[in-house]
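In what follows, a single structure is set out as structure tokens and then discussed.
Atoms within a ligand are numbered from 1 in the order they appear, just like the ligands themselves. Values in this document were obtained by computation on a predicted structure and should not be read as measured data.
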Amino acid sequence: MKIKRILAYRVELPLHETTYKWSGGKSVTVFDSTVVRIETDTGLVGHGEVCPLGPFYLPAYAEGVRAGLRELGPHLIGADPRQLAKLNRTMDAALKGHPYVKSGIDIACWDILGQASGLPVCELLGGRYGQDVQLYRAISQESPEQMAAKVAGYRAEGYHRFQLKVGGDPDTDIARIFAVAAKLEPGDRLVADANTGWVQHEAVRVAKAVRDVDVYIEQPCLNYEECLAVRRQIPHPFVLDENVDELGILLRAKADLAMDVANLKISKFGGLTKIKQARDLCVSMGIGMTLEDSWGGDIATAAIAHLAHSTPTEFLFSTTDFNSYGPVSIADGAPQRVNGRMAASTLPGLGITPKMSVLGEAVVVVS
Ligand code: MG
């Protein structure tokens, strides 16, 4: 089987809540997502999706996905999409770095491999664990009272994992954590995700102020060493996210006892092939995980669901249903949230069918 044509489509994903806000005053109102379509000489077609969280979250931006596909695509025409390790080596040889550019291609090739073998991607990624997986809800940065009210509202929708966007003014963040913690019920889990927004002394101060609150602290500071210094001074379970983008840092963080949970995002690693390595390494090292992506619609959510559902249950802290955050659906067959949980499709591949009328005309065509 050979890759015959690579196409990309640009889709806009607005939000039910209008704006998503996190540390440092960063926000997005309409997400710019790229759907990748890979056509083969057998007629099988696979899809992937890449959606950066704006241009200021990770070193990734939406137009960069499309520019990268134009650069990388010609090197992949004629390659066998089922030979994923080999395909990834070809991509890495043709374009250094830029993992988020490669992510959509890799996901689409897993979709093809699944269809070609008659198996859902989650079974190819290791096997399906349980009936479904636990979702978290991100709580956009607002006043303490507004965030507490949103947690109560999302619990009524079935969520029991809440990720507060903090990383703002430390005193306000302390109030945010206390206000939300007062609304928690047995079985709920609370994460305060600073998204690198605190400097070291602020992070230590916030964590010590909420010493007795049952809360995880996620990525308090900009770099790994600052996070490690904070980790060593506070009692809370600790999550690393923005600094974790390849296997070496996971090994270092394990040796330093720098984390209890790693937040692994598909496009941050460059696709399902590479995040599977990281996921399996975390399982071997006894590290829990939030498995997700930066953002996305139905196709990204389907890929996330297959990755999460193929992860041993006790290691999966939470995952995300980004396709429930906005009104635009770009594919049929994507996972739908039920009681705060979702399940990967049982159909071959990702189990999705893109809505071509929503995707519109291709903005990248490589053949
Ligand atoms: Mg995070």
Side-chain angles (χ1 to χ4, degrees), residues 15 20-28 31 50-60 99-100 103 133-142 147 150-151 154 159 161-168 173 176-177 180 189-200 202-203 206-207 210 215-224 226-228 230-231 234 236-246 249-250 253 258-269 275 278-279 282 287-296 300-301 304 307-308 311 315-322 325:
L15 291 157
Y20 183 74
K21 300 177 206 163
W22 69 100
S23 70
K26 294 186 277 292
S27 69
V28 172
F31 285 91
V50 183
C51 184
L53 189 62
F56 31 52
Y57 171 62
L58 292 174
Y100 70 108
S103 188
V133 292
Q134 179 97 44
L135 297 163
Y136 83 80
R137 186 75 194 194
I139 308 296
S140 178
Q141 191 174 107
E142 310 280 354
M147 292 175 84
K150 281 197 176 149
V151 164
Y154 284 121
Y159 289 101
R161 301 277 185 275
F162 305 101
Q163 189 196 81
L164 300 187
K165 290 303 174 189
V166 290
D173 284 335
R176 287 178 173 120
I177 294 167
V180 170
R189 295 284 181 278
L190 182 63
V191 176
D193 186 357
N195 288 110
T196 75
W198 293 322
V199 294
Q200 197 172 306
E202 293 174 332
V206 172
V210 299
V215 60
Y216 292 62
I217 301 293
E218 180 164 337
Q219 190 74 38
C221 301
L222 188 60
N223 67 43
Y224 174 80
E226 292 164 353
C227 288
L228 179 60
V230 173
R231 152 76 163 178
I234 69 172
H236 306 84
F238 201 83
V239 188
L240 284 175
D241 182 349
E242 280 87 337
N243 294 141
V244 177
D245 56 5
E246 45 85 41
I249 194 70
L250 283 171
M259 63 187 171
D260 303 291
V261 175
N263 184 316
L264 308 183
K265 296 182 164 72
I266 297 173
S267 60
K268 190 169 62 171
F269 280 81
I275 203 170
R279 188 272 310 268
C282 283
I287 302 296
M289 285 164 279
T290 287
L291 294 172
E292 56 167 340
D293 211 327
S294 297
W295 203 268
T301 301
I304 291 166
L307 175 68
T311 300
F315 288 99
L316 182 65
F317 179 70
S318 64
T319 185
T320 326
D321 59 328
F322 285 126
Y325 284 64

Worksheet item: Just wondering, is there an N, O or S atom on Glu242 that's nearer than 2.8 Å to the Mg ion (ligand 1)?
Response: no
Worksheet item: Pick from Arg161, Arg137, Lys165: which one makes a salt bridge (Lys or Arg N to Asp or Glu O under 4.0 Å) with Asp193?
Response: Lys165
Worksheet item: Under 4.5 Å between any side-chain heavy atoms of Asp260 and Tyr216, yes or no?
Response: no
Worksheet item: Heavy atoms, side chains only, cut-off 4.5 Å: are Tyr100 and Leu58 in contact?
Response: no
Nearest to the Mg ion (ligand 1) - the N/O/S atom of [X], by atom name:
X: Asp241; value: OD2
X: Glu218; value: OE2
X: Asp193; value: OD2

Worksheet item: Between Tyr57 and Trp295, does the ring centre distance come in under 6.0 Å?
Response: no
